[in-house]
Amino acid sequence: MITVATAENALKNIYLETVINDINKKTNPFLTMVEANARTASGKDAKFTLRYGQAAVGTGTETGDLPTASNEKALEVSTPLKNLYGTFQVSDKALKAASLDPNAFASLLGGEMQNLVAAAQSNLTTMLYGNGKKLLAVFDSSALDSTRKVITIKPEYWANFRDGMEIVVYNNGGMQVTDPLEDNIITLNQNNNTITVAEALTADKSDRYYIYDFNDDGTSMNGIDSIFMDNIYGVDSTKHTEIRPCNYRDNGTTLNILNEDAALDFLDAYEEHCQSMPADIILTHPRVKKSIFESLRDTRSNIATTELAGGFRGFSFNGIPMYSDIKCKAGSMYALNSKSFAMHQLCDWTWLANEDGSILKQLPGKATYMATLVKYADLICDKPFLQGRCSRYSCLKWK
């Protein structure tokens with residue numbers, strides 16, 4: 001007869017390895033590449049070195065002095081590891097119903113593991129493209145009324161909001177469109193799924209916006225956008241400009257989806273910024289991929305497909321594998337050097353164990369058991385200056 005102990009053994013010895021593989025290697029090709037660079041943290045913080053500068057290469061006479069090397073410089077940095085959790089629940093009734101049928105039992109746990117993996121992949125991908133703050137919702141310009149104060153929120157995001165909370169809103173290009181000097185407190189209207197902000201959003205030409213919790217508690221994993229901020233892992237990049245990445249952004253007034261020419265302009269600027277072309281993957285939104293694809297097709301250019309890490313499919317653009325992801329900010333393109341990123345972690349995904357070593361815990365007052373998957377980790381880039389981002393506008397200029 002199958003018991004709770006049987007279920008625990010199955011979770012530990014049968015499903016855990018599959019869950020780890022699916023989350024680490026089948027979520028996103030860039031995340032798969034980064035997981036290959038995993039580093040074990042020695043404590044509660046990720047301690048690493050932000051590097052910049054390169055050694056010099058020069059010429060000289062046979063009897064003259066050797067070139068003076070400009071040694072690679074570094075900043076020692078420490079940032080807390082994030083607590084990543086995933087939970088699933090199963091009722092005692094469901095366990096007992098499957099206890100006499102091994103196939104039903106396997107189907108029960110297998111289904112729960114699929115749901116857990118899908119939720120973990122969705123959340124990790126959201127954080128991957130984030131800046132370490134909690135993303136509350138994404139909305140298009142059509143969800144914003146004429147006063148630019150009332151926003152219609154999709155049902156799947158509604159649980160993230162509460163009356164009186166403070167928010168900050170960014171557009172496609174990473175520009176803040178809420179007044180930084182005002183507390184943008186919101187009120188909720190559950191009858192029509194709208195929120196009303198205290199201060200109108202700044203007028204711009206963006207078609208997509210991202211709402212974050214202004215008083216974020218810092219629990220979200222640092223994502224790719226973390227290195228495009230003025231504060232990079234606690235280091236003021238406005239004072240250490242040598243660590244800043246290539247942030248190719250528009251100051252124009254008209255919109256235009258990134259096409260082949262705009263993307264190539266960005267990669268030219270990126271190469272000039274880095275003094276090389278170190279990117280081994282390009283990440284972008286499907287709209288951008290479609291626009292580039294159509295540009296290549298119209299010019300009858302050869303479109304070469306390629307297989308990326310984790311078995312994902314993409315196509316090669318300017319000699320670099322490109323992957324489109326719906327979770328990537330609309331209109332954005334990232335040129336990334338994956339070898340500069342690593343997942344700093346205490347350990348890989350594992351089950352949170354109770355004092356007696358059990359992983360299935362009965363919820364107080366309920367005939368339900370819960371298990372928690374946990375990983376203490378954070379995504380870190382030790383060479384931000386080798387990364388590039390392009391925002392979706394027509395007149396592309398330096399930030």
For a quick check under 3.5 Å, do Asp325 and Tyr334 share a side-chain donor-acceptor pair by atom type?
no
| Side-chain donor-acceptor contact under 3.5 Å, Lys375 with Gln345 | yes
Tell me whether Asp92 is salt-bridged to Lys366, with the criterion being a basic N under 4.0 Å from an acidic carboxylate O. no
**Item:** Step-by-step side-chain contact (heavy atoms from CB on, under 4.5 Å) determination, Val197 to Thr178
**Value:** CA-CA 9 Å; Val197 295; Thr178 42; 5.8 Å; no
So does Gly234 get a backbone contact from the side chain of Asn231, meaning a donor-acceptor N/O pair under 3.5 Å?
yes
So, does Asn131 use its side chain to make a donor-acceptor pair with the main chain of Asp225 at under 3.5 Å?
no
Partner of Tyr209 under side chain to side chain donor-acceptor pair (under 3.5 Å), picked from Asp204, Asn171, Asp140, is Asp204
### Message
Is it the case that over 12 heavy atoms from other parts of the model lie below 6.0 angstrom from the NZ atom of Lys339?
### Response
no
| Is Lys133 salt-bridged to Asp213, going by a charged N under 4.0 Å from an acidic O? | no
Separation between NZ (Lys361) and CD (Glu355), nearest 0.5 Å, reads 9.0 Å
Output for pair (Ile380 CD1, Tyr233 OH), nearest 0.5 Å, gives 4.5 Å
CD1 of Ile167 to CD1 of Ile211, rounded to nearest 0.5 Å, is 5.0 Å
| request: Group every Ile, Leu, Val, Met, Phe, Trp and Tyr by side-chain heavy-atom contacts under 4.5 Å, then state whether Leu16 and Leu346 land in the same group. | output: no
**Request:** Please say whether more than 12 non-hydrogen atoms of neighbouring residues, nucleotides or ligands are located less than 6.0 Å from CD in Glu17.
**Result:** no
Ser220 and Lys82 have their tightest heavy-atom pair at O-CE, 3.1 Å
Taken to the nearest 0.5 Å, the spacing of Ile281 CD1 from Asn337 CG works out to 11.0 Å
Can you tell me if Trp349 uses its side chain to pair, donor with acceptor, with the backbone of Val19 under 3.5 Å? no
- Query: Does the Asn318 side chain pair with the main chain of Ile320, one donor and one acceptor, at a distance under 3.5 Å?
  - Reply: no
Can you list the steps and then say if Phe30 with Phe341 is a ring-ring contact (aromatic ring centres under 6.0 Å, His included)?
CA-CA 10 Å; Phe30 179 67; Phe341 289 83; 5.1 Å; yes
Open item on the list: When you compare the side chains of Lys327 and Thr126, does any donor N or O come within less than 3.5 Å of an acceptor on the partner?
Closed with: yes
| request: Tell me whether Leu201 is reachable from Val138 by hopping between hydrophobic residues (I, L, V, M, F, W, Y) whose side-chain heavy atoms are closer than 4.5 Å. | output: yes
### Query
Are Met113 and Phe88 close enough, and set up right, to give a side-chain contact (heavy atoms from CB on, under 4.5 Å), and what steps lead you there?
CA-CA 8 Å; Met113 290 303 98; Phe88 84 92; 3.3 Å; yes
(Q) Same cluster or not: Leu124 versus Tyr376, using hydrophobic residues (I, L, V, M, F, W, Y) connected whenever any side-chain heavy atoms lie under 4.5 Å apart? (A) no
I'd like to know if the side chain of Tyr270 reaches the main chain of Leu386, judged simply by a donor and an acceptor atom lying under 3.5 Å from each other, with no hydrogens or angles considered. yes
Q. Any idea how Phe161 and Trp158 line up, ring-wise: parallel (<30°), tilted (30 to 60°), or perpendicular (>60°)?
A. tilted
ask   = Just by distance, with hydrogens left out, do Asn192 and Thr194 show a side-chain donor and acceptor under 3.5 Å apart?
value = yes
_Asp280 and Ser338: side chain donor to acceptor below 3.5 Å_ = yes
Report, as yes or no, whether the 6.0 Å neighbourhood of atom CZ on Phe293 holds more than 12 heavy atoms from other residues, nucleotides or ligands. no
Open item on the list: Would you say the ring centers of Tyr170 and Tyr212 fall short of 6.0 Å from each other?
Closed with: yes
query: Would you say Gln121's side chain and Asp22's backbone share a donor-acceptor pair under 3.5 angstrom?
result: yes
One should read off an interatomic distance between Ser91 OG and Lys96 NZ, to the nearest 0.5 angstrom, of 9.5 Å
